[in-house]
Amino acid sequence: MSFNTLDDLEPGQRVLVRLDLNSPVEDGTVQDNRRFERHAETVRELAERGDRVVCMAHQGRPGDDDFVSLRQHADILAEHVGRDVRFVPDTYGPEAIEAIDDLDAGEVLLLENVRMCEDELPEADPEEKSKCELVRTLAAEFDAYVNDAYSAAHRKHASLVGFPLVLPSYAGRVMESEYGANTAIASRTFDGQVTMVVGGTKATDVIGVMNALDEKVDRFLLGGIAGELFLRAAGYPVGEDVEGMDLFDDQWEQNADTIRALLEERGDQITLATDLAYEDAEGERAEVLVEDVEEKTQGFLDVGTDTVAAYDDVVRDSEAVFVKGALGLFEDERFSVGTVGVLEAIAETDCFSVVGGGDTSRAIEMYGLSEDDFSHVSIAGGAYIRALTGEPLPAVEVLEAEAN
Ligand SMILES: Nc1ncnc2c1ncn2[C@@H]1O[C@H](COP(=O)(O)OP(=O)(O)OP(=O)(O)O)[C@@H](O)[C@H]1O
Ligand SMILES: O=C(O)[C@H](O)COP(=O)(O)O
């Protein structure tokens, strides 16, 4: 590993730590998940060494329903760390600076959602990001910067790439272990069939790298939003926003050409759902064959049972299975059939398996599956599939470049 780690950081310092606490938000309530548990290890270690620990993280994207304050995150993090985590509703203004200054050795503070600051989001190179006000103002308060947010390392945002140019910088324990595991996986080769299950809501992340995964993956099994977009490209009347949704149309605009090209050039490697599930008028799960859909009038929330059976067969014939994104809205048990069915099939075979994604990895615990039945469960989604393709992660690259 060519970055500095916590083993290289002298204790007793003022440390700014970038975590990835991006979590599902249901009816305004932030859901606990493995990201809290994993990052708590880094935070606890720093606090126990007598550092003043200030955490910085994001939640959602501006304009989305899950773009909320980190106030609840502080309470959830505190439970996992086993000590108090203060919260300040400010990121780098006077209130935040005062709260940082008030901190004693061993105390932990969480700053407000960093994506609420204008400087954070537009992607730019580290050099440019290091000069923005957010980075300059906060850097003056700290002796060191720790990046633990492996799962956001594919974004060139200020809090992820700006600080290593202006502060001594280190990888946190999650960054260190995820980087090690995912890099090792990327260099593995397999004799038998390699399958990737592609689902979730961030279709753009996966579709963008499917070309590059061609060398690694023999079969793609699609579901979730990406799955419907592929069905739309194949000519079915699905894969569009209805009822105030905001999942399909923008992603269709961005990816339609790539999807069409993928279907044309490697259609034989791509398996699409043959049936889909939705909520009927009685609130029950109902299913429809894709070829029988005349018009999309409501959301499809899972793949159907025929599709699950077909995917189950493919998984059982595979030597390696990678999962990125859920096949349906698994948080609602009625629509967990696809995601859980595939995960169970993986768990029952002895194939090499990786389940990735902050949301998706939660399904393992929610449905009583054991992490031991998978080779690696990553809390990273987009970053882990990029690592598989060997694509660089800008936030890791800058940690390496600035390491001494
Ligand atoms: N058909 C669907 N309709 C609505 N939500 C869906 C559907 N299919 C999957 N999902 C949702 O996708 C979410 C997971 O997808 P997402 O793209 O966020 O992946 P992730 O595993 O969390 O990866 P990342 O770490 O990149 O965010 C789940 O919370 C699930 O409810
Ligand atoms: O949840 C994630 O995958 C990371 O936190 C990155 O979030 P983003 O896709 O909104 O940049």
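What you see is a predicted model, and the numbers here were worked out from it, not measured in a lab. One-based numbering, in listed order, for ligands and for the atoms of each. Heavy-atom basis, side chains included; hydrogens, waters and symmetry copies ignored.
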From CA spacing to verdict: salt bridge (charged side-chain N to carboxylate O under 4.0 Å, His left out), Asp205, Lys324:
CA-CA 10 Å; Asp205 272 356; Lys324 163 63 180 101; 5.2 Å; no

Cation over ring, Arg18 on Phe163, under 6.0 Å and within 45°?
no

Closer than 4.0 Å to some heavy atom of Ala326 - which atoms of ligand 1 meet that?
8 (N), 9 (C)

Side-chain atoms of residues 116-125: list all donor-acceptor pairs with protein atoms under 3.5 Å, sequence neighbours left out, distances to 0.1 Å.
from	atom 1	to	atom 2	distance (Å)
Asp119	OD2	Glu133	N	3.1
Asp119	OD2	Leu134	N	3.0
Glu120	OE1	Ala158	N	3.4
Glu120	OE1	Ser159	N	2.8
Glu120	OE1	Ser159	OG	3.3
Glu120	OE2	Ser159	OG	2.6
Glu123	OE2	Lys156	N	2.5
Asp125	OD1	Lys156	NZ	3.1

Worked verdict on Arg316 versus Asp313 for salt bridge (charged side-chain N to carboxylate O under 4.0 Å, His left out)
CA-CA 5 Å; Arg316 287 175 200 276; Asp313 288 344; 5.8 Å; no

Among Thr204, Asp66, Asp359, closest by heavy atom to atom 22 (O) of ligand 1 is Asp359

Distance filter under 4.0 Å to Arg35 heavy atoms, resulting ligand 2 atoms:
1 (O), 2 (C), 3 (O), 5 (O)

Looking only at distances, please establish whether an N/O atom of ligand 1 is found under 3.5 Å from an N/O atom of Leu247.
no

Which protein heavy atom lies closest to atom 3 (O) of ligand 2, and at what distance to 0.1 Å?
Lys202 NZ, 3.0 Å

For Arg115, the ligand 2 atoms whose distance to one of its heavy atoms is below 4.0 Å
7 (O), 8 (P), 10 (O), 11 (O)

I'd like to check which ligand 2 atoms, numbered from 1 as shown, lie under 4.0 Å from a non-hydrogen atom of Arg155.
8 (P), 9 (O), 11 (O)

Nearest non-hydrogen protein atom to atom 19 (O) of ligand 1, with distance, is Lys324 NZ, 3.5 Å

shortest atom 21 (O) of ligand 1-to-protein heavy-atom contact is with Thr360 OG1, 2.4 Å

Shortest protein contact, atom 5 (N) of ligand 1 (heavy atom only)
Leu329 CD1, 3.7 Å

Tell me which one of Gly227, Gly328, Ala152 gets a heavy atom nearest to atom 10 (N) of ligand 1.
Gly328

What residue and atom, counting heavy atoms only, is the protein's closest point to atom 4 (C) of ligand 2, and at what distance?
Asp20 OD2, 3.3 Å

Donor-acceptor pair, Asp280 side chain versus Glu284 backbone, under 3.5 Å?
yes

Indicate, as side chain, backbone, both or neither, the part of Phe300 found under 4.0 angstrom from ligand 1 when only non-hydrogen atoms are considered.
backbone

State whether Glu365 and Arg34 are salt-bridged, where the test is any N-O pair (Lys NZ or Arg NE/NH1/NH2 against Asp/Glu carboxylate O) under 4.0 Å.
no

Going by heavy atoms, is Gly381 under 4.0 Å from ligand 2?
no

Using every non-hydrogen atom in the two residues, find where Gly227 and Leu222 come nearest and quote the distance to one decimal.
CA-CB, 3.8 Å

Does atom CG of Asp350 have more than 12 heavy-atom neighbours, drawn from other residues, nucleotides or ligands, at distances under 6.0 Å?
no

For atom 6 (C) of ligand 2, what is the closest protein heavy atom, and at what distance to 0.1 Å?
His58 NE2, 3.9 Å

Geometric N/O contact Ala380 with ligand 1, under 3.5 angstrom
no

Side chain or backbone, does Glu228 bring an N or O within less than 3.5 Å of an N or O on ligand 1?
no

Would you say Arg35 and ligand 1 have an N/O pair spaced under 3.5 Å apart?
yes

So the atoms of ligand 2 within less than 4.0 Å of a heavy atom of Asn22 turn out to be 1 (O), 2 (C), 4 (C), 5 (O), 7 (O)

Under a 4.0 Å heavy-atom limit, does Glu331 contact ligand 1 with its side chain, its backbone, both, or neither?
side chain

Is it true that the NZ or CZ of Lys296 lies under 6.0 Å from the centre of Phe248's six-membered ring and within 45 degrees of the ring axis?
yes

Residues, nucleotides or ligands: over 12 heavy atoms within 6.0 Å of Glu128 CD:
no

Please identify which atoms of ligand 2 are closer than 4.0 Å to at least one heavy atom of Arg61.
8 (P), 9 (O), 10 (O)

Within 6.0 angstrom of Gln298 CD, more than 12 heavy atoms from elsewhere
yes

Please name the residue in the list His39, Glu176, Glu41, Glu178 that meets the side chain to side chain contact (heavy atoms under 4.5 Å, CB included) test with Asp148.
His39

